[in-house]
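Positions are given from 1 along the sequence. Because the structure is predicted, anything quoted here is derived from the model rather than measured.
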Amino acid sequence: MAKQEFKVNPHIINSPIVLFVGAGASTPLRLKTTEGFLGDLHKSLETRITENDGISFQPNDLEQHLRSIYDLSRKYYDRPKADVEIVLDYLKDLSVTLSEMVKLPNLPYQLAGTKGLAKPIIDFNTKGLLKLREYMIKEVISHYSNVDPNAVFNTYAWLFETLHLASQNYGIIPIFTTNYDWVFESFSQHPEATKN
């Protein structure tokens, strides 16, 4: 298989100005930061998980169990705090590890997590881990794709006007965002934004 080569857009390399946008940019639009999203995830997952998903749990324990997963994923990747990417990666890596246990393919993985926890909250098998990961991805898409273009325009028109003026002297200005949401994509689709 031929190796793919990826070229960086020269505007990114040559631009003297680059805008980096963090999670706080979404807060005025009532979109959750990663920490807030993970903290509330149990509420939406409780309505998604079914008996056939390979996950058995007591609804009241789901929040504590997810926090255990976040803590384990943070330690696994040696990060100061968990974020959605490393949680998803952790669940995938864990499922691969379990699937390789061919001699005991149906052995559930009992995940405890926090210190002092007397027994596992949920028993996972490979299917359950992948199902949880799938549900998390769906929740990310559901939450962060719900962006109001009018609210975005009213919030960030000043910023893009500034960037527009700066681009007259510096050319195209690259924007990098760590967010999952479509805030800036929504701005570019607003009728008033396209006038410039």
Side-chain angles (χ1 to χ4, degrees), residues 20-95 98 108-156 175-187 189:
F20 288 90
V21 182
S26 306
T27 304
L29 302 166
R30 297 184 179 180
L31 293 174
K32 298 173 183 175
T33 62
T34 299
E35 186 175 358
F37 174 81
L38 291 176
D40 291 338
L41 185 60
H42 66 282
K43 298 175 183 177
S44 52
L45 287 183
E46 285 175 359
T47 62
R48 284 189 182 273
I49 295 175
T50 69
E51 293 181 359
N52 298 321
D53 288 335
I55 306 171
S56 62
F57 69 96
Q58 298 297 320
N60 294 336
D61 292 332
L62 183 58
E63 179 180 7
Q64 178 62 42
H65 181 72
L66 287 175
R67 291 188 182 280
S68 297
I69 292 178
Y70 306 156
D71 188 50
L72 288 171
S73 66
R74 176 186 63 79
K75 293 176 180 176
Y76 185 75
Y77 294 106
D78 193 24
R79 300 287 183 85
K81 63 180 181 179
D83 59 40
V84 173
E85 284 103 340
I86 67 171
V87 172
L88 293 176
D89 287 346
Y90 179 70
L91 291 174
K92 185 177 181 180
D93 288 347
L94 204 54
S95 68
L98 289 178
Y109 182 87
Q110 297 187 328
L111 190 61
T114 56
K115 295 180 180 179
L117 198 58
K119 60 182 180 179
I121 297 176
I122 303 176
D123 290 344
F124 273 123
N125 55 30
T126 303
K127 176 185 175 184
L129 287 167
L130 293 177
K131 203 65 178 177
L132 180 62
R133 185 174 185 273
E134 175 188 327
Y135 286 151
M136 288 184 67
I137 292 173
K138 288 181 179 179
E139 288 301 321
V140 169
I141 295 172
S142 175
H143 179 70
Y144 290 103
S145 63
N146 186 21
V147 180
D148 180 2
N150 291 318
V152 175
F153 184 83
N154 292 334
T155 303
Y156 286 113
I175 300 176
F176 292 89
T177 176
T178 59
N179 300 359
Y180 300 104
D181 57 64
W182 298 346
V183 168
F184 296 113
E185 291 84 352
S186 298
F187 183 94
Q189 296 169 2

D71 vs K75, test: salt bridge (Lys or Arg N to Asp or Glu O under 4.0 Å). Steps then yes/no. CA-CA 6 Å; D71 188 50; K75 293 176 180 176; 3.2 Å; yes
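- At least one donor-acceptor pair closer than 3.5 Å links the side chain of R133 to the backbone N or O of L88.
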Apply side-chain contact (heavy atoms from CB on, under 4.5 Å) to the pair M136 and V140, showing each step before the final yes or no. CA-CA 6 Å; M136 288 184 67; V140 169; 5.6 Å; no
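- Using a 4.5 Å heavy-atom threshold, the side chains of L132 and L45 count as touching.
- Side-chain contact check for Y135 versus S44: every heavy-atom pair is 4.5 Å or farther apart.
- Between the Y77 side chain and the A82 main chain, no donor and acceptor come within less than 3.5 Å of each other.
- Closest approach of R79 to I86, counting heavy atoms only: NH1-CG2, 3.2 Å.
- The 12-atom threshold is exceeded at CD of E134, counting heavy atoms of other residues, nucleotides or ligands nearer than 6.0 Å.
- More than 12 heavy atoms of other residues, nucleotides or ligands sit less than 6.0 Å from atom CG of N150.
- In this structure the side chain of I175 reaches within 4.5 angstrom of the side chain of V21, judged on heavy atoms.
- Counting all heavy atoms, side chain and backbone alike, V183 lies closest to L31 at CG2-CD1, 4.0 Å.
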Between L130 and L91, does a side-chain contact (heavy atoms from CB on, under 4.5 Å) hold up when you go through it step by step? CA-CA 7 Å; L130 293 177; L91 291 174; over 6 Å; no
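- Side-chain atoms of K81 and L38, non-hydrogen and from C-beta on, never get closer than 4.5 Å to each other.
- Taking the six-membered ring wherever Trp is involved, the centroid distance between the rings of F176 and F20 falls below 6.0 Å.
- Applying the salt bridge (charged side-chain N to carboxylate O under 4.0 Å, His left out) test to pairs two or more places apart or on separate chains, those with a residue in residues 20-33 are K32-D40.
- Here the side chain of S142 pairs no donor or acceptor atom with the backbone of K138 at under 3.5 angstrom.
- Under the side chain to side chain contact (heavy atoms under 4.5 Å, CB included) test applied with V87, the options L66, I69, L41, L72 reduce to a single match, I69.
- Ion pairing of D89 with K92 is absent here, as no side-chain N (NZ or NE/NH1/NH2) approaches a carboxylate O to less than 4.0 Å.
- Distance check: S73 OG to D78 CG gives 12.0 Å after rounding to the nearest 0.5 Å.
- Rounded to the nearest 0.5 angstrom, F37 CZ and S26 OG are separated by 13.0 Å.
- A heavy-atom distance below 4.5 Å is not found between the side chains of Y90 and Y70.
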